[in-house]
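First up is the structure itself, then whatever we jot down about it.
We name chains A, B, ... by the order of the sequence lines, and we start the count at 1 in each one.
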Protein chains: 2
Amino acid sequence: MRHPKVTYSTEAAFQALADPTRRAVLDLLRQGSQPAGQIARAFPISRPAISKHLRLLRRAHLVQERREGRHRMYQLNPEPLKAVDSWLEHYRVFWKANLNNLKAFVESEYAKETGKSE
Amino acid sequence: MRHPKVTYSTEAAFQALADPTRRAVLDLLRQGSQPAGQIARAFPISRPAISKHLRLLRRAHLVQERREGRHRMYQLNPEPLKAVDSWLEHYRVFWKANLNNLKAFVESEYAKETGKSE
DNA sequence: TATTTGTGTAACGGTATGGTTACGCATTAT
DNA sequence: ATAATGCGTAACCATACCGTTACACAAATA
């Protein structure tokens, strides 16, 4: 198949996103691919520490690595985030519900103030 | 203020979502508030284990607890998920980009097959 | 009052995280 | 050939996580 449908583990994605440094790495890669060293230089922690974060991100398929000379270019792969997004989808309705509740509350308060029964 | 704008730690939310059991607890609470014991009975692990997951969820403000007789009712609070959602927002554009690339690819393949130059 | 029920916490153990320094190994530059 | 650069991995450490069993304690029930 030319366009195989790949499903990534939601588990690995959520787990990878748990660490703020890893999220920051992803945020960085939104601006474009970068070699590992350059990524590391953007953070106050050691290069091996970043290397390990990159390994986790690779494991979660959130980044793709390709060798380019003596560099390892890292590229963002947003695909697994879709799973996260669709998990969240179920909750969006609640935000709307809360907004509706707030609206109802405000309106009932208003009704009180103006003395209207309903 | 009657409706203070509360900002929760994105950090705690992402961290809480890292565990599949905790996500499942949230999924369960979408159906309505439940006492701790009933939540625990829905899982194959011990009650204290669930109790600790609930503590983490509380810490992340993803659930609210209120005492009701000898029960502790847990209610979903989707609020902190907004932060997760807005982090994700930055990545949605990439999915669309990928879809566009796919579309462009398919169209160019089609063009080849039909011999059309564009 | 004595007991059962519902729930959190303490203490403990195994494993994963997240960081560090030391090292190994390609690849490029001298 | 030798040195420098870029990067992953190994070994190690401290701390957090996730589970367990034992316990404490308030609220409902007998």
Side-chain angles (χ1 to χ4, degrees), chain A residues 8-29 32-77 80 84, chain B residues 9-29 31-77 80 84:
Chain A
Y8 299 115
S9 141
T10 321
E11 189 46 33
F14 271 109
Q15 202 260 336
L17 295 186
D19 185 86
T21 301
R22 284 193 292 269
R23 290 198 303 279
V25 168
L26 295 179
D27 287 339
L28 192 62
L29 290 178
S33 300
Q34 292 191 20
Q38 190 173 334
I39 296 172
R41 264 175 262 120
F43 295 89
I45 61 179
S46 73
R47 196 188 46 70
I50 293 292
S51 190
K52 281 161 70 175
H53 282 305
L54 288 172
R55 174 158 50 177
L56 265 177
L57 289 171
R58 255 183 279 135
R59 196 172 71 188
H61 300 279
L62 282 163
V63 299
Q64 251 186 316
E65 179 221 318
R66 75 170 184 284
R67 315 182 64 140
E68 204 165 279
R70 61 181 165 185
H71 290 201
R72 309 265 183 125
M73 295 297 289
Y74 280 89
Q75 181 175 20
L76 178 65
N77 177 30
V84 175
Chain B
S9 142
T10 321
E11 188 46 34
F14 271 109
Q15 201 260 335
L17 296 186
D19 185 87
T21 301
R22 284 192 291 268
R23 290 198 302 278
V25 168
L26 294 179
D27 288 340
L28 191 62
L29 289 179
Q31 301 166 211
S33 300
Q34 292 191 20
Q38 190 173 334
I39 296 172
R41 263 174 261 121
F43 295 89
I45 62 179
S46 72
R47 197 189 45 68
I50 293 292
S51 190
K52 281 161 70 174
H53 282 306
L54 288 172
R55 177 159 48 177
L56 266 177
L57 289 170
R58 254 184 281 136
R59 197 172 69 185
H61 300 280
L62 283 163
V63 299
Q64 253 186 317
E65 179 222 319
R66 75 169 184 283
R67 314 183 64 139
E68 203 165 280
R70 59 182 166 185
H71 290 201
R72 307 265 184 127
M73 294 298 288
Y74 279 90
Q75 180 175 20
L76 177 65
N77 177 30
V84 175

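Remark: side-chain polar atoms of B/R47 are not paired, donor with acceptor, to backbone N or O of B/A40 under 3.5 angstrom. Side-chain atoms of B/N77 come within 3.5 Å of backbone atoms of B/H61 as a donor-acceptor pair (strictly under, hydrogens ignored).
The residue from B/R66, B/R72, B/R70 that alone fulfils the side chain to side chain donor-acceptor pair (under 3.5 Å) condition with B/E68 is B/R66. Each of A/R23, A/Q38, A/Q34 was checked for a side-chain contact (heavy atoms from CB on, under 4.5 Å) with A/L28, and the lone residue meeting it is A/Q34.
Of the two residues contacting DNA chain C, namely A/S46 and B/R41, the nearest-nucleotide position lying further toward the 5' end is that of B/R41. Looking at which nucleotide of DNA chain C each of A/A49 and A/E68 is closest to, the 5′-most match is held by A/A49.
On a pure distance criterion of 3.5 Å, a polar donor-acceptor pair joins the side chain of B/R70 and the base of C/dT5. In terms of polar N and O atoms assigned as donor or acceptor, the side chain of A/K52 never comes within less than 3.5 Å of the base of D/dG8 in a complementary pairing.
Straight-line distance from the CZ atom of B/R59 to the P atom of D/dA16: 10 Å, rounded to whole Å. Atom NE2 in B/H71 sits about 13 Å away from atom P in D/dA27, given to the nearest Å. Distance B/D19 CG to C/dA16 C1': 13 Å, rounded to the nearest Å. To the nearest angstrom, P of D/dC17 lies 6 Å from CG of B/L56. In this entry the distance linking CD1 of A/I45 with P of C/dT20 reads 6 Å, nearest Å. Atom CE in B/M73 sits about 13 Å away from atom C1' in C/dG6, given to the nearest Å. Between the CZ atom of A/R66 and the P atom of D/dC7 there is a distance of 13 Å, rounded to whole Å. Counting to the nearest Å, the C1' atom of D/dA26 and the CD atom of B/E65 are 13 Å from each other.
Looking at every heavy atom in both residues, B/A60 comes nearest to B/A16 through CB-CB, 3.9 Å.
Side chains of B/I39 and B/L29 form a contact here, defined as non-hydrogen atoms less than 4.5 Å apart.
Contact annotation for B/P48: base contact, defined as any heavy-atom pair under 4.0 Å involving a base atom. Residue A/R47 is classed as a base contact, given a heavy-atom separation below 4.0 Å to a base. Among the atoms of the strands shown, only primed sugar atoms or phosphate atoms (P, OP1, OP2) are found under 4.0 Å from some heavy atom of A/Q15. Heavy atoms of A/R67 sit nowhere under 4.0 angstrom from any nucleic acid atom. B/F43 comes within 4.0 angstrom of nothing in the nucleic acid, heavy atoms only.
The side chain of B/H53 sits closest to D/dC18 out of D/dC18, D/dG6, C/dT20. Checked against C/dG8, C/dG18, D/dT20, the side chain of B/A36 finds its nearest nucleotide in C/dG8. Of the candidates C/dG8, D/dC7, D/dT20, C/dG8 carries the atom nearest the B/R58 side chain, counting heavy atoms from C-beta on.
Checking the phosphate oxygens (OP1, OP2) of C/dG6, no side-chain nitrogen or oxygen of B/Y74 falls inside 4.0 Å. A sub-4.0 Å separation between OP1 or OP2 of D/dT9 and a side-chain N or O of A/R55 is present.
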